[in-house]
Amino acid sequence: MRVLLVTPPMIQLNTPYPATAYLAGFLRLHAAELGITVTQADTSIALFLRLFSAPLVTRMARELRERACTLRRTAKMPPSIAHFLAHAERYADTVESVIRYLQRRDPTLAFRIISRAWLPEGPRFAQTHHEQIQSAFGHLGTTEQARYLASLYVDDLADVWRDGIDPRFELAKYGERLASSVPTFDPLQDALTGEPTLVDESLDDITRELMAAQQPDVVAISAPFPGNVYGAFRMARTIRLVAPRTRLVLGGGWVNTELRSLREPRVFDYFDYVTLDDGERPLLNLLSRLQGRESPLVRTFVREKDAIVFKTDPTQHDFPAKDTGIPTYDGLPLGDYVSIMEMLNPMHRFWSDGRWNKITLAHGCYWKKCTFCDVSLDYIGRYDKPSTDIILQRIRALIDETGETGFHLVDEAAPPAGMKALAKRLIEEKLSITWWGNIRFEKTFTPELCQLLAEAGCIAVSGGLEVASNRLLDLMKKGVTVEQVARVTRAFTDAGILVHAYLMYGFPTETEQDTVDALERVRQLFAAGCIQSAYWHRFAATAHSPIGLHPEKFGITLQPPPDITFAHNDVAFHDPTGTDHDYLGAGLRKALYNYMHGIGLEADVREWFEPRPAGDARHRRRGGRRRAGLGVPATTVPPDLIERSLA
Ligand code: SF4
């Protein structure tokens with residue numbers, strides 16, 4: 001029996017998402033006993049390469065020209081399309097060379113790219129000034145400068161695909177809104193049965209080609225995020241047409257969080273089985289059953305007549321992390337991935353630049369207390385750490401397979417003791433790797449430990465500072481304080497390890513003053529060199545978090561849910577605090593973008609927020625505390641808070 005594991009579009013383009021690599025490694029351990037062969041495919045990178053090819057760029061230009069008259073007549077021609085149509089031939093002539101360059105295949109092309117006379121430069125280039133580029137790359141940083149310019153070129157073309165051909169398309173997500181906490185299947189069904197766009201047709205072609213080449217008996221599609229779901233269903237639709245006897249399975253991170261209360265029979269027009277949580281046990285049992293053995297289904301939805309039935313067997317256990325095998329990228333086109341760098345920030349690029357092998361120190365989170373997090377779900381709540389010997393064995397195997405020594409630890413929060421043990425062994429065994437990962441900023445990370453991690457090849461960490469307010473960190477049960485985060489992040493920075501902070505706004509009971517004060521603390525952390533990069537997430541109450549389960553403890557009320565038959569994750573809520581988080585979010589993002597470029601670190605944080613209209617109720621209510629023309633109150637945080645914490 002041939003089994004094909006698939007990552008559907010769209011997702012990161014610089015390296016394969018690890019789910020199929022983990023499952024392929026596990027299933028190959030059991031291939032002989034099951035009588036199966038296992039292969040894997042990434043149709044996300046395949047779709048990207050198809051769309052960013054000369055023939056498809058030419059087809060896009062033709063299609064847009066046919067529609068251009070209408071667009072001009074209605075004055076609806078976006079700048080991205082206008083610029084593209086004016087230079088379409090040049091885009092078609094250059095696109096494949098640029099992609100090869102981003103695949104690190106043609107390094108001397110850098111000189112041509114940085115000449116600034118070869119590539120058409122669309123609206124995305126307008127945000128970048130010559131001085132910024134000079135200060136970021138100097139005179140000799142040709143390779144990186146060219147990567148940055150080539151990335152802007154790709155962004156311009158992606159905007160044209162989105163604005164002109166398919167509004168659901170983005171570089172790292174496709175049709176995300178059709179799947180993110182959408183209570184009914186209707187929008188997805190409408191999109192799947194509607195008129196196909198050129199993006200849809202390209203994915204349909206890729207799916208047909210894949211099926212013809214691999215002829216699988218079972219296709220298991222993993223949808224980690226909402227931005228993969230439309231692609232997953234679209235592929236399933238095509239597979240049903242070209243290979244109706246092929247069994248189709250859906251699983252992955254999005255399914256695990258959003259489809260737990262699935263009641264929609266139409267999902268099973270596309271898939272035969274939908275599995276929850278770690279895929280190893282459910283897939284193993286399912287494949288064994290499809291081979292005619294008596295294996296019970298585990299955490300698997302099926303359709304029986306018109307009813308959705310959840311089948312599981314409590315006697316069947318998940319495999320411990322030590323027994324899940326060695327991930328393998330075998331079958332994936334490792335040379336095809338593109339390294340994109342869209343921001344002039346040294347840390348921010350790690351998520352899109354570089355072909356990182358993915359490895360996990362432990363399953364789940366050792367802390368599992370944060371009140372906004374899905375701690376009730378298996379992927380966070382079940383902590384299981386294999387030995388350092390096993391981690392090293394996996395690292396060595398991945399280096400042998402890929403020839404690459406870059407590793408991304410994709411733990412929810414890597415355990416400090418595990419990192420320390422790994423670092424010691426890497427040093428003892430003179431195994432030279434470059435690695436980065438997600439942590440909690442806890443005080444175990446002393447300057448000595450940070451130094452050890454740096455010596456062992458750790459180059460960057462990311463962690464949650466969330467709302468930089470001790471009152472709210474306490475309410476979140478984050479287990480850290482702002483002062484502690486300052487000391488820990490500074491220890492990392494002093495050891496030469498870059499630090500990215502996940503920030504949050506809009507938490508229950510968060511006032512405007514809390515947000516302004518949090519921004520001031522973030523400003524001081526940047527100014528003191530504690531963090532180099534950050535990102536603001538808007539808080540969302542999720543169904544499986546302590547806040548979603550016990551909203552009354554956090555002073556909010558959940559809005560009555562609609563009749564949910566399909567996806568369920570984010571829950572709408574009412575916070576009587578009444579803060580205008582939409583307004584504040586714009587200022588927060590603007591401030592952070594500038595801080596990451598080293599700009600505006602001395603400015604009063606109020607400067608980042610647009611003035612409110614004079615008639616705004618909030619302006620009148622608290623107007624006495626504002627300087628004229630400023631939209632928010634002054635910070636109450638002492639200007640040397642972070643410096644004092646560090647002292
Ligand atoms: S937010 Fe991070 S540290 Fe907190 S419980 Fe979740 S995974 Fe663990």
Side-chain angles (χ1 to χ4, degrees), residues 18-19 22 224-225 252-254 256-258 260 277-278 321 350-351 358-386 408-420 436-445 449 453 458 460-482 484-489 492 499-508 510 518 522 531 533-551 553-554 569-571:
Y22 279 37
F225 304 111
W254 173 80
N256 302 343
T257 47
E258 303 224 10
R260 303 193 84 85
D277 300 332
D278 283 8
F350 286 132
W351 283 272
K358 309 270 185 175
I359 191 100
T360 326
L361 292 192
H363 180 284
C365 171
Y366 65 95
W367 176 253
K368 52 184 166 186
K369 290 184 193 165
C370 302
T371 54
F372 57 85
C373 182
D374 286 345
V375 293
S376 67
L377 296 186
D378 181 80
Y379 80 99
I380 301 285
R382 182 166 59 85
Y383 181 65
D384 174 15
K385 188 190 162 320
H408 179 192
L409 306 186
V410 289
D411 291 70
E412 300 302 329
M419 290 172 76
K420 184 175 180 180
W436 63 290
N438 205 27
I439 59 159
R440 286 180 66 241
F441 293 129
E442 60 166 88
K443 51 181 177 287
T444 329
F445 290 108
L449 177 54
L453 298 177
C458 178
V461 291
S462 55
L465 170 56
E466 321 304 351
V467 184
S469 145
N470 287 345
R471 176 182 79 81
L472 293 171
L473 283 167
D474 203 34
L475 197 56
M476 292 175 188
K477 294 209 175 122
K478 191 73 200 173
V480 299
T481 61
V482 175
Q484 179 185 321
V485 170
R487 286 189 286 274
V488 169
T489 53
F492 276 111
V499 182
H500 174 92
Y502 294 107
L503 304 171
M504 185 186 280
Y505 68 102
F507 196 76
E510 183 172 344
V522 168
I531 59 178
S533 158
Y535 188 82
W536 293 107
H537 296 262
R538 172 79 177 260
F539 166 79
T542 62
H544 314 292
S545 66
I547 296 178
L549 295 168
H550 304 287
K553 292 187 182 166
F554 301 86
N569 193 36
D570 293 359
V571 193

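Remember, it's 1-based here, ligands and their atoms both numbered in the order they're listed.
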Checklist entry - Would you call D277 and R260 a salt bridge, using N to O less than 4.0 angstrom? => result yes
Next on the checklist: Does H500 form a side-chain hydrogen bond (donor to acceptor under 3.5 Å, both in side chains) with S533? I'd like the steps, not just the answer.
Outcome noted: CA-CA 5 Å; H500 174 92; S533 158; 2.6 Å; yes
Next on the checklist: Can you classify the ring geometry of F507 versus F554 as parallel (below 30°), tilted (30 to 60°) or perpendicular (above 60°)?
Outcome noted: perpendicular
Checklist entry - Would you call the rings of H537 and Y502 parallel, tilted or perpendicular, where under 30° means parallel and over 60° means perpendicular? => result tilted
Next on the checklist: Please enumerate all residues that pass side chain to side chain donor-acceptor pair (under 3.5 Å) together with S545, with sequence neighbours excluded.
Outcome noted: T542
Checklist entry - What protein N/O/S atoms lie closer than 2.8 Å to atom 4 (Fe) of ligand 1? => result C370 SG
Item to check | Note, Y366 side chain near K385 side chain (heavy atom, < 4.5 Å) | outcome: no
